[in-house]
There are 2 protein chains.
Amino acid sequence: MNDTSTRSIAETAELTGLTAHTLRYYERIGLLDPVDRGPDGRRRFRDADLAWLGFLTRLRVTGMPIRDMRKFAELRRAGDVTTPARLELLSRHRDTVRRRITDLADCLDALDSKIDHYRTLITSTTSRS
Amino acid sequence: MNDTSTRSIAETAELTGLTAHTLRYYERIGLLDPVDRGPDGRRRFRDADLAWLGFLTRLRVTGMPIRDMRKFAELRRAGDVTTPARLELLSRHRDTVRRRITDLADCLDALDSKIDHYRTLITSTTSRS
DNA sequence: GTATGAATTAGAGCGCGCTCGAACGCAAGC
DNA sequence: GCTTGCGTTCGAGCGCGCTCTAATTCATAC
């Protein structure tokens, strides 16, 4: 198995940062279409699989629940006619992510204030001793 | 029980956005110091409890694991001498949050590209039909 | 005095997203 | 031919952060 255009599960795990276990899990729950198999019955991941995994990873990093990713994968399988639905799903998710970012930024400001406060405490204590 | 300076668990839940269950849970696991009780044995939350809960909520929103919050609570109980340690913990967390925000922003850019791509597809399809 | 409603406790259960274990298959290298 | 290593499947288990149930207590309203 030295086909340069496909990769074993170990190579794919390495490239995607996922574990082999997770890759099988993703296929099992329908996030991945059934992956091609070599003559020995082992999985061979194609470039398209890698690209799709990269996209899934971005969705996951941005906190999309797996059930929504499955919905997206399902739409994709259903073909071009679902493009508007996919756009809709993605747009909603983007809005969620934006809100998440501003929430984080707001909390970060509060954290910074708290940190400044602690620094002040330490500095005044230190100078007094 | 109409003490204006303390609140029942229901009022506290309302004010913090947490449930009464969660408030008891937080106390149980040591995120909250044992809450004062009224003469009837029920919890009475003081202003300081509210402020602390607000802070905890910010830590939670920014994804701090409960075990770290417990660590922080423990340091706080140990008094002023732990100020440097708390500052350290908080500073580390802030760095984590910053990284998280940039990660999200990067993913958001990728999502935006994907969305633009989908929009292009739809527009060209629509104009052709 | 009885019904209602808010609180209490201890402990079980849940949804999520993996993560791991067991038992097995198969091919290559010694 | 036997070990090594990488893969397979099925299904159980786990860590997290709650979330809920059951049984009980107590104060107030009627």
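Here A:Arg7 pairs with A:Asp47 in a salt bridge; the nearest charged N to carboxylate O distance falls below 4.0 Å. Ion pair A:Arg92/A:Glu88 flagged as a salt bridge, since at least one NZ, NE, NH1 or NH2 atom sits closer than 4.0 Å to an Asp/Glu carboxylate oxygen. Salt bridge B:Arg46/B:Asp36: present, at least one basic N to carboxylate O contact under 4.0 Å.
Follow the hydrophobic side-chain contacts under 4.5 Å out from A:Leu53 and you never reach A:Val61; the two are in separate clusters.
Straight-line distance from the CD1 atom of A:Ile9 to the C1' atom of C:dC26: 16 Å, rounded to whole Å. Following rounding to the nearest Å, B:Phe45 (CZ) and C:dA6 (C1') show an atom-to-atom distance of 14 Å. The separation between B:Arg24 atom CZ and D:dT21 atom C1' is 12 Å, rounded to whole Å. Across the protein-nucleic acid pair, B:Leu23 atom CG and D:dC18 atom P stand 11 Å apart, rounded to whole Å. A:Arg42 places its CZ atom 4 Å from the C1' atom of D:dG7, with the value rounded to the nearest Å. Computed from coordinates, the B:Glu27 CD to C:dA7 P distance equals 14 Å when rounded to whole Å. Counting to the nearest Å, the C1' atom of D:dG7 and the CD atom of A:Glu11 are 13 Å from each other. Rounded to a whole Å, the CD atom of B:Glu14 is 13 Å from the P atom of C:dA6.
Dashed line: the shortest gap from a side-chain N or O of B:Arg43 to OP1 or OP2 of C:dA7 is not under 4.0 Å. One finds no side-chain N or O of A:Ser8 lying less than 4.0 angstrom from the OP1 or OP2 phosphate oxygen of D:dC6.
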Can you check each nucleotide of nucleotides 15-21 of chain C against protein heavy atoms at under 4.0 Å and return B for base, S for sugar-phosphate only, - for none, in 5' to 3' order?
-SBBBB-

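Using a 4.0 Å heavy-atom distance criterion, A:Ala10 is classed as a sugar-phosphate-only contact.
Annotation for A:Asp95: atom CG counts as buried by contact number, over 12 foreign heavy atoms lying within 6.0 Å.
Side-chain contact between B:Leu111 and A:Arg58 is absent, with no heavy-atom pair separated by less than 4.5 Å.
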Side chain to side chain donor-acceptor pair (under 3.5 Å), that's the test. Do B:Thr123 and B:Thr120 meet it? Break it down for me.
CA-CA 5 Å; B:Thr123 307; B:Thr120 311; over 6 Å; no

